[in-house]
Asker: 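The structure that follows is given in the form of C-alpha cells.
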Amino acid sequence: MVSMPSSLVESRRGLGCLQGVPLVSPLSHRGYSSSSHLAEVTLTQERYPVQRLPFAVVSEDDLAVFQRILPGRVVTNPEELVAVNVDWLRAFQGCSQVLLKPRTTEEVAQILRYCHDRNLAVTPQGGNTGMVGGSVPIFDEIVLSTALMNQVVSFHSLSGVLVCQAGCILEDLGRYLEDQGFIMPLDLGAKGSCHIGGNVATNAGGLRFLRYGSLHGSVLGLEAVLADGTVLNCLTSLRKDNTGYDLKQLFIGSEGTLGIITAVSIMCAPKPKAVNVAFLGCPGFSEVLETFRSCKSMLGEILSAFEFMDAECMRLVGQHLRLPCPVQESPFYVLVETSGSSAEHDSAKLTSFLEHVLDSSLVTDGSMATDLRKMQALWALRERITEALSREGYTYKYDISLPVERLYDIVMELRARLGSSAKAVVGYGHLGDGNLHLNVVAETFSTRILGALEPYVYEWTAGQRGSISAEHGLGFRKRDVIGYSKSPAAVELMRGLKTMMDPKGILNPYKMLPSRA
Ligand code: FAD
Ligand code: MLT
Ligand code: ZN
C-alpha cells in the first residue's frame, strides 16, 4: 500500500501545498520547454478569489483502492507531483497529492466510478501544455494523466482514419503517419508534449487550421468515460452518421468538464507531395492584409498556412532562442506555406505570387524554403514565440478572434495604454483564421497590470463581435469572462448539460463554466 502523506488528512486548506517551491525545470517537454525564467509560482487559491468546493479529501483507504486498480501507477511522491501541479506558463499552481496513471479505458472507468461514489474531484491531464490553467488542479483535485494511454489502435490507409488512445503525443502520431504517407490534420508548437486527447478536449486550432479546419470536422468519433464511470463509446470511423444527436461534439472543447476522453478516431490527410514555405517581411499591417488577399487569390487551393508576427516577437525569438531573422528587419513578418501535389505547379504559382508582392511593395524581403530543414527553421521562428515570451517574463495571454482588418489595432492600443509598465506588448498568430495572440510581458505578475488589461481587452473584443477565446479555451483563467462571447441563455444551457452529465461536479471543477456570483 502507498504510504499516506500526513498533510493530506490534516485540513482542507493549505494541504501541505508546495508553495513557492523552486521548480527545477519540471516542465521541460520533449518538444519545447517552458521558461528558463524560473520565477516562483504562487498557489492559485492565494492569487485568485476561489473557494474549495465540498469534495471529499483523499484518504489512505482511497489510495489503497487506487493502488489495487493501478498497481504501481499511483504517484504520491511530492517531487513527482510538482510538475503536474503547475501549468506550462507557470501561472497556476494547485496542491494535488495524488497522480493516477491509467493505461486502459476500463481503468479510467473504475477510477471515476470510485471517485464519483466518494465525491472526490478529478482533473484530467494530457501533456499539460494548456494556456488557460485548465490542466492543473486548483486545490487538491486528483490528477488523472493520460500519459500511459499511448497506443495506436488502428490506421486505415484508404480512408485515412486513425484510431488511437487519448494519451498519444501529437508528434508521435505525426511520425507514425508519415511512414504511411499521411499527416495529422492539426499541428501546434506544443506537438512534442501535447496529447491528442488534450487537443480534442481543448478543440485546439493551431497551424493547419486554415487547410484542414476544426477538430469538430476531423474527429469522426471518440470514446469518453463519464463522471460516474459509464463508458460512452462513440468511436465510429464513419464520415457520415446522422443517427440522433452527435454526442462526440459535446466533448470536443469541453476541457475535461464532461468526461475523460480515452480514445479518438480522427481523419488524417494524405501527406502533400510538395510543400513550400516563404518567410516575408512587410512594411506595415495593411501590407500584411494585402499580402493575405493576394495569397488567397493567387495561391488558391495550395495555400495551407498564413501566420504573422510583429517585430517585437522577432526580437524576443532572436534574443532568447538565438534564432536569426532570415530576412531584412521589418515591422511585420508573414509565414506562408503551400501544400500541393505538384512541385512544379506549386512553385510556379508561388513564384508569381512573390513577384507580385515584391513588385507592389507589399513585401520588402523574403526567404523561401522547400528543403525540410530550412522549412523547419522558418517555422521555428513562428512556433517558438510562446517559448521566447515565457523566457522574457510573466506573460498575460489573450487569444482572440477578430475581424481580420482590426486584428492589430488592439496591440497598438495596449502599447499606448500600458506604456513602460510592460516589458513587451506583442501580436502574432493565425491571421488566416482571424486569430490574434495578444501577449503582454512583465517582470512578474501584478494586479495593477491585470487591472489595466481586464476587462479592457474583453470589452474591446466584444465590441468588435470577436471571441475572447479563439482556440485555447477558458480553463480557470477565463471562465468568468465567458459572458463576453456567449449569451446568458447559452451559458445556462451549458450549466444544465454539466449538471446532467456530472451531477456532483467532480470533473475538472472550477474550470470553463463561470463561478456562481
Ligand atoms: P492539457 O494541457 O493537459 O489539458 C488541457 C485541457 O484539456 C484541460 O482542461 C484538461 O483537463 C483537459 N484534458 C486533457 N486531456 C483530456 C482528456 N483525455 N479528456 C478530457 N479532458 C482532457 N493551442 C492551440 O489551440 N493552438 C496552438 O497553436 C497552440 N500552440 C501552442 C504552443 C505551445 C508552445 C504551447 C505550450 C501551447 C500551445 N497551445 C496551442 C495550447 C495547448 O498546447 C493546446 O491547448 C493543447 O491542445 C493541449 O493539449 P494537452 O495534452 O497538453 O492538454
Ligand atoms: C501559438 O499559436 O503559438 C499558440 O497558440 C500559443 C500561444 O498563443 O502563444
Ligand atoms: Zn495559436
Side-chain angles (χ1 to χ4, degrees), residues 105 108 124-127 129-130 134-135 146 149-174 176-177 180 182-188 190-191 193-226 231-271 304 430 433 435 469-474 494 497 501 507-508 512:
T105 302
V108 176
Q125 190 175 91
T129 66
S135 54
T146 51
M149 303 185 71
N150 57 3
Q151 301 299 305
V152 169
V153 177
S154 63
F155 176 68
H156 192 260
S157 61
L158 188 57
S159 63
V161 178
L162 171 77
V163 180
C164 65
Q165 282 189 298
C168 290
I169 291 174
L170 182 60
E171 190 170 58
D172 291 346
L173 292 176
Y176 169 87
L177 288 172
Q180 334 234 4
F182 279 78
I183 59 167
M184 289 297 283
L186 79 159
D187 185 22
L188 16 145
K191 57 180 151 281
S193 308
C194 62
H195 297 184
I196 189 69
N199 299 147
V200 173
T202 53
N203 187 24
L207 309 164
R208 291 187 183 151
F209 191 98
L210 184 72
R211 166 61 67 89
Y212 300 108
S214 160
L215 289 174
H216 281 293
S218 47
V219 171
L220 299 180
L222 55 74
E223 177 188 71
V225 179
L226 305 184
V231 177
L232 183 71
N233 187 339
C234 299
L235 204 52
T236 173
S237 293
L238 303 170
R239 294 249 5 225
K240 299 182 82 174
D241 175 18
N242 276 354
T243 49
Y245 302 129
D246 190 356
L247 294 176
K248 71 166 184 283
Q249 299 294 356
L250 271 181
F251 296 89
I252 303 174
S254 64
E255 302 186 52
T257 61
L258 297 181
I260 297 189
I261 299 165
T262 47
V264 304
S265 159
I266 186 161
M267 198 171 53
C268 303
K271 186 174 174 213
S304 55
H430 317 289
D433 310 320
N435 182 181
S469 180
E471 59 171 10
H472 294 164
L474 297 166
M494 289 186 205
L497 283 167
M501 294 174 70
L507 280 178
N508 221 6
M512 213 184 86

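Keep in mind the model is a prediction, meaning the values are calculated, not measured. All heavy atoms count here, side chains included; hydrogens, waters and symmetry mates do not.
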Asker: Could you pull out all residues at least two apart from Ser265 that satisfy side-chain hydrogen bond (donor to acceptor under 3.5 Å, both in side chains)?
Answerer: Ser237
Asker: Test of understanding: with salt bridge (Lys or Arg N to Asp or Glu O under 4.0 Å), list the residues that count as partners of Asp241, not counting sequence neighbours.
Answerer: none
Asker: Can you tell me how far CE of Met267 sits from CG of Leu238, rounded to the nearest 0.5 angstrom?
Answerer: 12.0 Å
Asker: Looking at every non-hydrogen atom in both residues, tell me the closest pair between Gly256 and Leu507 and how far apart they are.
Answerer: O-CB, 3.6 Å
Asker: Would you list the atom pairs, donor with acceptor, under 3.5 Å between side chains in residues 196-203 and any protein atom, with sequence neighbours excluded?
Answerer:
from   : atom 1 : to     : atom 2 : distance (Å)
Thr202 : OG1    : Gly198 : O      : 2.8
Thr202 : OG1    : Asn199 : O      : 3.2
Asn203 : ND2    : His216 : NE2    : 3.4

Asker: Only counting residues at least two apart or in another chain, list the ones meeting side-chain hydrogen bond (donor to acceptor under 3.5 Å, both in side chains) with His472.
Answerer: none
Asker: How close do Thr105 and Met149 get, heavy atom to heavy atom, and via which atoms?
Answerer: N-CE, 3.9 Å
Asker: Out of curiosity, Leu232 CG to Ile260 CD1, how far, rounded to the nearest 0.5 Å?
Answerer: 13.5 Å
Asker: Identify all side-chain donor-acceptor contacts of residues 151-158 below 3.5 Å with residues at least two apart in sequence or on another chain.
Answerer:
from   : atom 1 : to     : atom 2 : distance (Å)
His156 : ND1    : Ser159 : N      : 3.1
His156 : ND1    : Ser159 : OG     : 2.9

Asker: For Asp187, what residues pass the side-chain hydrogen bond (donor to acceptor under 3.5 Å, both in side chains) criterion, not counting sequence neighbours?
Answerer: Lys191
Asker: Taking the side chain as C-beta and beyond, is there a heavy-atom pair between Ile169 and Asn150 under 4.5 Å?
Answerer: no
Asker: Nearest 0.5 Å, what's the CD-OG distance between Gln249 and Ser214?
Answerer: 7.5 Å
Asker: How long is the straight-line distance from CD1 of Ile266 back to CG of Leu220, given to the nearest 0.5 Å?
Answerer: 8.0 Å
Asker: Among residues two or more places apart or on two chains, list those pairs meeting salt bridge (charged side-chain N to carboxylate O under 4.0 Å, His left out) that have a residue in residues 152-161.
Answerer: none
Asker: Give the minimum heavy-atom separation between Leu188 and Gly205, together with the two atoms involved.
Answerer: CD2-O, 4.3 Å
Asker: Looking at Met512 and Leu474, what are the two nearest heavy atoms and their distance?
Answerer: O-CD1, 3.6 Å
Asker: For residues Lys240 and Asn242, determine if any side-chain heavy atom of one lies less than 4.5 Å from a side-chain heavy atom of the other.
Answerer: no
Asker: Under the side-chain hydrogen bond (donor to acceptor under 3.5 Å, both in side chains) definition, can you give me all pairs with a residue in residues 253-263, not counting sequence neighbours?
Answerer: Glu223-Thr262
Asker: Measure across Ser193 and Thr129 and return the closest heavy-atom pair with its distance rounded to 0.1 Å.
Answerer: CB-CG2, 3.6 Å
Asker: Quick one: list whatever passes side-chain contact (heavy atoms from CB on, under 4.5 Å) with Met501, sequence neighbours left out.
Answerer: Leu226, Leu250, Phe251, Leu258
Asker: Hey, mind stepping through Thr146 and Gln165 against side chain to side chain contact (heavy atoms under 4.5 Å, CB included) and telling me if it holds?
Answerer: CA-CA 9 Å; Thr146 51; Gln165 282 189 298; over 6 Å; no
Asker: Any heavy-atom pair between the side chains of Ile183 and Leu177 that's under 4.5 Å?
Answerer: no
